[in-house]
Amino acid sequence: MRSIRRYLRRVLLITVTLITSLAALWSYHDTRDQINELFDAELAQTTRTMVALYFEYRGEQGRDPQEMIHDLQLQPVMLPDSLTDEPTPLGHPYEKKLGFQIWDDDGHALLGMRTPGVLETMIPAPGYAHTEGEGHDWRTFTLYDEVHGVWASAAQRDDVRDELTWQIALRNLMPPVIGVLLIALLIPFVIARGFSPLLRISRQITARRPSYLEPIDGSEAPDEIRGMVDALNGLFGRLAETLEKERRFTANAAHELRTPLAAIKVHAQNLMTDTTEARSQRGARSIINGVDRMTRVVEQLLTLSRLESGEGMNRQTVDLTRLGRELQRDMQPLVDRREISFVQEIPAELHVVSYENGLYVLLRNLLDNALRYTSEGGEVRLRIWQTGDRLHIEIADSGPGIPVAERERVFERFVRLAGQRTSGSGLGLSIVQELAERLGGEIRLDETSLPVASGLSVHVTLPIE
């Protein structure tokens, strides 16, 4: 069951339609039974009335029954053909579907509406019966007067009952059909209305940043999901507490590590100054290099921890030209020390809405990697340009490059390629990938776009406003 709303709509509509259909079927059969009872009673009443009127008329006239036949015998109903069953000035078309007859014991017709093939040919038998005539089924009622020795019978075509039953059933069926259609239109609205608190809570959770762990507003939550909302709020509270402890630990650990590292570096520098022995100076230089590497690892771990907690990720207008100047200033010592040609290609007055801290850390890590792994006297180029709502960043170098088979692997933490002589921690590209994902962008490694034999181009695409 992928969607509760679709399931409820389908089940409710099928259920309402099925129940309405069963009710309509029951109504049809009940209507037919009632109509049959009514018409059967009418047949019996008509027969009795016809017998009573016949003998009353005969008694008043004082005439012999055989002499009355010609005077009383009625002719069949002769009405113009009509496509409808509406009454006319000459009578009603249903008269063709009715008949009655009176016989004596010898089978001589005494009175009646002649209906060829129905009453004249039937064998009289008291009570109700079914017979066929004129291509239709007929319902009859026959009565025998033992005192006078007379048979009387009334007949009615079955289709009269069927037509009336269908007309009544259809009229009774229209309100339920209209009701089902209205219910079918109202069910999605009612279900959407009922699920709206759940959807609002879902949107609250979806729109949250990973670092936002405040409780969900469950004031409008229905009773059925209040327990789930309370459980989620409890989980958010425990996560917030855990992350806060982790941030405090990371900050304290970084501070505690940087302080002794700085002290060790100062002592090593003093040792280099105080001693003139080449061997001691090389040892002091090794200590300083090791401290620098450890300091860089600590800084990168602290940066990674801040990224994972979402710290400092606020959108604002970023002046990329100014950001490029800051990067130039910060990276210049490394550029000078390695005698690398560092070129920036950033359009003047390029402004985008993004995360300034995230962009700075991303560019700094990519440039730091490029400058460290490019041979002394090599070339590094930073290009930034905009196309529509996308910001493109490319950092190309003339270093050794990365084999195609290893390009996915280098984004893993603490992974360094075999044979590399440049010191590093294996965290730089992990931080860059984390930042690119946080910024909603993509990162790709390609062959260098510089006119050199080898190298690497890192292409980052970010959404902007």
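As a basis for the values below, the full set of heavy atoms in this structure was taken, side chains included, without hydrogen atoms, waters or symmetry mates.
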Looking at [X] and [Y], would you say the former's side chain and the latter's main chain have a donor-acceptor pair under 3.5 Å?
X: Glu406; Y: Glu408; value: no
X: Ser398; Y: Glu379; value: yes
X: Thr448; Y: Ala396; value: no
X: Asn233; Y: Ile216; value: yes
X: Thr31; Y: Ser27; value: yes
X: Asp368; Y: Arg364; value: no
X: Arg338; Y: Leu371; value: yes

Over all atoms of both residues, closest heavy-atom pair of [X] and [Y]:
X: Val452; Y: Asp397; result: CG2-O, 4.5 Å
X: Thr20; Y: Pro176; result: CG2-CB, 3.4 Å
X: Ala44; Y: Phe141; result: CA-CD2, 3.5 Å
X: Ala370; Y: Ile395; result: CB-CG2, 4.0 Å
X: Ala184; Y: Leu13; result: CB-CD1, 3.5 Å
X: Ser354; Y: Val318; result: O-CG2, 4.0 Å

When rounded to the nearest 0.5 angstrom, what is the spacing between [atom1] in [X] and [atom2] in [Y]?
X: Leu362; Y: Ile443; atom1: CG; atom2: CD1; result: 6.5 Å
X: Phe189; Y: Arg9; atom1: CZ; atom2: CZ; result: 13.5 Å
X: Ile464; Y: Arg390; atom1: CD1; atom2: CZ; result: 9.0 Å
X: Asp446; Y: Ile402; atom1: CG; atom2: CD1; result: 11.0 Å
X: Gln344; Y: Leu382; atom1: CD; atom2: CG; result: 5.0 Å
X: Gln156; Y: Thr140; atom1: CD; atom2: OG1; result: 11.0 Å

(request) Anything under 30° is parallel, anything over 60° is perpendicular, the rest tilted; go ahead and classify His392 against Trp385. (result)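 Aromatic pair His392/Trp385 classed parallel.
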For the residue pair [X] and [Y], establish whether any side-chain heavy-atom pair is separated by less than 4.5 Å.
X: Leu445; Y: Val410; answer: yes
X: Arg381; Y: Ser449; answer: yes
X: Leu334; Y: Arg372; answer: yes
X: Leu323; Y: Tyr360; answer: yes
X: Leu439; Y: Val460; answer: no
X: Val190; Y: Leu12; answer: no

(request) Let me see the working for Leu456 and Asn369 under side-chain contact (heavy atoms from CB on, under 4.5 Å), right down to the final yes or no. (result) CA-CA 11 Å; Leu456 182 71; Asn369 270 6; over 6 Å; no
(message) Would Arg444 and Thr461 count as a side-chain hydrogen bond (donor to acceptor under 3.5 Å, both in side chains) here? Give the steps.
(response) CA-CA 9 Å; Arg444 187 180 73 249; Thr461 306; 5.2 Å; no
(request) Would you mind checking if Arg407 and Glu447 are paired as a salt bridge, meaning a charged N to carboxylate O distance below 4.0 Å? (result) yes
(request) Decide side-chain contact (heavy atoms from CB on, under 4.5 Å) for Ile201 and Leu232; before the verdict, give the C-alpha distance in whole Å, the side-chain angles of both, and the deciding distance to 0.1 Å. (result) CA-CA 11 Å; Ile201 292 174; Leu232 282 173; 5.5 Å; no
(message) By the definition side chain to side chain contact (heavy atoms under 4.5 Å, CB included), identify the one residue from Val16, Thr17, Thr15, Leu22 that meets it with Ile19.
(response)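 Exactly one candidate clears the test, Thr15.
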